[in-house]
Number of protein chains: 4
Amino acid sequence: MDEIDLSGMDLPEKERKILQAAIGVFSEKGFSASTTNEIAKNAGVAEGTIFRYYKTKKDILRGILIQAINLFSSKIVIGGVEKIFGSAEEKDLRTLLKELLHDRLKLVETFFPMFRVILTEAIYHEDVREALYKNIAVKAIEAVGNLQENMVNRGFVRGDVSPTALLRSAIGSLAVLIAQKILMGDKFTSEEFEAEADIAIDILLNGLAPRSPDSET
Amino acid sequence: MDEIDLSGMDLPEKERKILQAAIGVFSEKGFSASTTNEIAKNAGVAEGTIFRYYKTKKDILRGILIQAINLFSSKIVIGGVEKIFGSAEEKDLRTLLKELLHDRLKLVETFFPMFRVILTEAIYHEDVREALYKNIAVKAIEAVGNLQENMVNRGFVRGDVSPTALLRSAIGSLAVLIAQKILMGDKFTSEEFEAEADIAIDILLNGLAPRSPDSET
Amino acid sequence: MDEIDLSGMDLPEKERKILQAAIGVFSEKGFSASTTNEIAKNAGVAEGTIFRYYKTKKDILRGILIQAINLFSSKIVIGGVEKIFGSAEEKDLRTLLKELLHDRLKLVETFFPMFRVILTEAIYHEDVREALYKNIAVKAIEAVGNLQENMVNRGFVRGDVSPTALLRSAIGSLAVLIAQKILMGDKFTSEEFEAEADIAIDILLNGLAPRSPDSET
Amino acid sequence: MDEIDLSGMDLPEKERKILQAAIGVFSEKGFSASTTNEIAKNAGVAEGTIFRYYKTKKDILRGILIQAINLFSSKIVIGGVEKIFGSAEEKDLRTLLKELLHDRLKLVETFFPMFRVILTEAIYHEDVREALYKNIAVKAIEAVGNLQENMVNRGFVRGDVSPTALLRSAIGSLAVLIAQKILMGDKFTSEEFEAEADIAIDILLNGLAPRSPDSET
DNA sequence: TATGAATGAGAATTCATTCAT
DNA sequence: GATGAATGAATTCTCATTCAT
């Protein structure tokens with residue numbers, strides 16, 4: 001659950017180790033409760049070395065945020081969505097959403113420590129929210145906008161709602177499920193999760209209201 | 001947005017002041033970054049006094065959590081839902097959900113500092129999640145279960161999903177909206193929020209998929 | 001040589017101890033080379049206690065400077081001069097200067113650690129010089145101005161030079177001697193010092209140039 | 001005001017740069033507050049290089065002191081005095097002292113950073129004072145002794161005081177003026193300085209006491 | 001020889017907690 | 001009970017010095 005792979009981001013060897021260790025420690029205890037001493041130990045460097053790369057403890061956090069935004073914005077997060085929806089000519093939306101859910105779950109699991117750090121910061125700091133919004137949310141909305149027309153044409157989604165609303169509802173439905181799986185994983189067997197996922201997607205697609213009898217055939 | 005009223009929970013005057021101040025300070029900076037000195041100042045008591053009521057700083061947090069669970073579990077949180085759904089014989093589900101959304105938004109706004117503290121703790125601590133789950137989630141699911149039969153009979157909701165799933169989807173849809181409103185409030189005018197709320201509820205009720213043409217008449 | 005008595009300046013017991021210790025340590029090693037740990041030890045308080053009274057190490061220095069200016073400005077420094085010159089109707093200038101020299105020497109010896117600290121700071125910091133100038137030099141020049149008319153009338157000093165010039169020359173002549181005594185004290189027996197002092201005062205009064213023969217009788 | 005020229009002292013290129021940079025930095029912040037990192041930067045060498053030439057930071061200071069003593073002892077300090085007093089057969093003492101004052105002022109201005117460093121060290125360290133005394137003061141006294149007989153014969157100075165006393169009084173009178181000019185230069189216009197210098201020299205020559213009326217004619 | 005990354009001992013500062021009043 | 005001064009362990013950060021390249 002530790003050891004996020006940052007090797008893609010070409011940082012000096014030591015800096016990467018420090019960042020990686022910091023993500024682990026911050027994620028475990030939160031920023032303020034973490035000590036540079038512990039980060040140094042986990043990174044396998046001297047405490048002083050940390051401060052060659054990051055002027056202050058706070059700068060480490062900033063470093064993490066920057067990496068996170070790089071990581072989540074274009075390449076992985078948005079890219080993943082586009083790959084799933086772009087390549088899948090033949091699949092119906094239900095299948096696509098299921099794939100998406102699993103993909104996102106894996107993403108969150110992989111980057112869980114980083115997520116936790118960022119989430120906490122976002123909860124407390126306007127400027128972090130702002131940065132996430134600008135760098136991730138805006139791009140995601142754009143990406144959904146691009147997909148939507150195609151989806152509408154294929155009869156997959158309603159055409160009468162904005163990409164924002166569409167995205168929000170999808171995120172809401174899936175995020176709650178993912179959060180539950182991640183945070184209370186031990187209450188969920190895999191099969192249960194699959195079943196719950198199917199239901200959640202069904203509700204997302206068809207709504208809570210009963211279908212009018214004739215439309216179900 | 002400050003000054004949560006805990007007067008219902010009969011605590012010694014000073015203790016209440018301390019808790020209230022602590023909620024404010026923890027909410028602003030997080031637990032670890034907050035100092036007992038600042039709490040004392042905000043509470044208008046001497047620093048030493050805090051330690052008459054709470055053996056350690058951590059105990060203050062525990063005190064907040066206990067209050068929070070009391071507050072959120074039965075009376076306010078679940079109670080609110082029951083009142084809305086119970087009393088409203090004549091309204092349709094769309095209206096009820098709208099009312100619920102506004103009620104929950106007001107709740108979150110009122111208790112925002114407390115929420116923030118609890119949320120952060122829940123993110124980091126299994127035992128807090130456990131406590132919240134047992135004391136709040138379980139009750140909420142029960143409450144929804146009780147409502148559901150009635151709703152199904154009135155043709156408001158599908159009868160083929162569990163209360164858990166139902167609750168999860170509803171929470172997902174509405175929570176994202178509330179979070180957005182709370183955290184990025186300045187990007188939302190009231191009218192925009194109303195419009196977005198209507199759409200979110202519509203999606204929640206009817207789904208993302210296009211209704212089959214004949215069912216719309 | 002340590003233990004400056006600051007008891008006149010009513011400071012809290014602990015604060016006085018800290019200040020006193022700081023003067024000693026700063027004087028011995030200079031500000032930057034001194035550690036708060038050593039100050040605390042010398043003051044007999046915990047290191048943390050220092051920071052209840054002075055937010056930063058630098059503030060301790062500021063505290064010393066303030067005390068020093070209080071001490072040196074009115075009461076002791078200027079006051080001493082006035083007492084010597086004011087009360088002594090019958091004595092000639094030579095005697096007065098001798099008394100002054102001894103008084104100043106004692107003053108410098110008593111406050112040597114404080115002196116050293118202030119001197120070093122003054123050498124490096126414009127603002128300290130400014131403060132000393134405004135609070136001490138200006139007053140001293142005034143005081144000399146007040147004395148001068150009386151002196152001129154009694155035929156003791158020339159009336160054709162400004163108080164500033166007069167003060168400067170007097171300080172120059174005496175300060176070098178005092179500095180030598182303080183810094184190289186072990187090269188000076190008391191008798192030698194007295195002899196040198198007499199000569200220095202004679203030169204100050206009569207100049208380096210040979211007196212014109214007739215004026216010597 | 002920076003950039004002391006040490007090129008006379010044949011040191012390896014890098015070593016000279018390091019010393020020069022160190023003088024600048026030490027002079028600005030004092031020894032303890034200066035960092036080898038900053039010295040390296042100012043010298044345009046790597047931090048490690050410093051330690052090839054000087055085993056410790058303290059050794060850099062020692063290096064400066066050695067240079068300073070070389071510089072000030074024979075050549076510049078004493079030499080300057082001898083040149084002024086030796087060559088000037090026709091001038092009177094007032095003129096000579098004026099020339100000396102200007103020469104010394106220029107000297108102090110030129111070597112101000114070095115001066116500041118040495119002065120601070122001398123204030124704190126007996127051994128530095130000792131070194132300065134032996135290498136500079138003793139030679140200066142000798143030099144003055146050599147001049148004095150000639151001066152006395154020409155009716156310029158009193159013959160009844162020791163070279164030491166003579167030197168001390170001269171230094172006292174002129175040093176105060178130079179210090180004031182250097183440290184509070186902005187309070188002095190050039191003309192004011194000249195006027196003050198004339199007065200100081202007059203007092204040094206003729207004393208503070210009024211000349212006996214008949215001797216002035 | 002020169003470099004500069006890495007080190008770790010040591011410095012200033014913070015803060016929960018204690019306790020005499 | 002309430003206070004707030006005092007504590008000192010713990011924390012962040014600095015910097016002279018070393019050493020592999």
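Below, each value reflects all heavy atoms present in this structure, side chains not excepted, and no hydrogens, waters or symmetry copies.
Listed by first and then second residue, the salt bridge (Lys or Arg N to Asp or Glu O under 4.0 Å) pairs involving residues 113-128 of chain C are C:Glu126-C:Arg129 (not counting sequence neighbours).
Scored by the salt bridge (charged side-chain N to carboxylate O under 4.0 Å, His left out) test, C:Lys14 finds no partners at all (sequence neighbours excluded). Qualifying salt bridge (charged side-chain N to carboxylate O under 4.0 Å, His left out) partners for A:Lys55, counting only residues two or more places apart in sequence or in other chains: none. Remark: D:Ala21 pairs with D:Ile39, D:Asn42, D:Ala43 by the side chain to side chain contact (heavy atoms under 4.5 Å, CB included) rule, at least two apart or across chains.
Pairs of Watson-Crick or G-U wobble type, with distances under 3.5 Å, assemble into runs of 3 or more in DNA chain F at these ranges: E:2-21 with F:2-21.
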For the pair D:Glu47 and D:Lys41, evaluate salt bridge (Lys or Arg N to Asp or Glu O under 4.0 Å) and give the outcome as yes or no after the intermediate values.
CA-CA 8 Å; D:Glu47 207 168 351; D:Lys41 264 181 198 151; over 6 Å; no
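Between A:Ile39 atom CD1 and E:dG8 atom P the separation is 18 Å, expressed in whole Å. Between the P atom of E:dG4 and the CD atom of D:Glu38 lies a distance of 17 Å, rounded to the nearest Å. Going from atom NZ of A:Lys14 over to atom P of E:dG8 covers 10 Å, rounded to whole Å. A:Ile50 has its CD1 atom 12 Å from the P atom of E:dA6, to the nearest Å. Rounded to whole Å, the distance from CZ on C:Arg16 to P on F:dA6 is 13 Å. In this structure, D:Lys41 places its NZ atom 11 Å from P of E:dG4, rounding to the nearest Å.
In the set E:dT3, F:dA2, F:dT7, the nucleotide with an atom closest to the side chain of C:Ala46 is F:dT7.
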Summarise protein proximity over nucleotides 13-21 of chain E in one line of letters, 5' to 3': B for base, S for sugar-phosphate only, - for none, counting protein heavy atoms closer than 4.0 Å.
BBSBBB---
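Both tests pass for C:Lys57 against the ring of C:Phe31: distance under 6.0 Å to the centre and angle within 45° of the axis.
By the 30° and 60° cut-offs, the orientation of the rings of A:Phe115 relative to A:Phe72 is tilted.
Residue A:Tyr54 is classed as having no contact, given no heavy-atom separation below 4.0 Å to the nucleic acid.
Proximity of B:Tyr53 to the phosphate of F:dG1: no side-chain N or O atom is located under 4.0 Å from OP1 or OP2.
Residues C:Ile18 and C:Tyr53 share a closest heavy-atom pair of CD1-CD1, 3.8 Å.
A donor and an acceptor atom, one from each side chain of C:Tyr124 and D:Glu28, are nowhere located under 3.5 Å apart.
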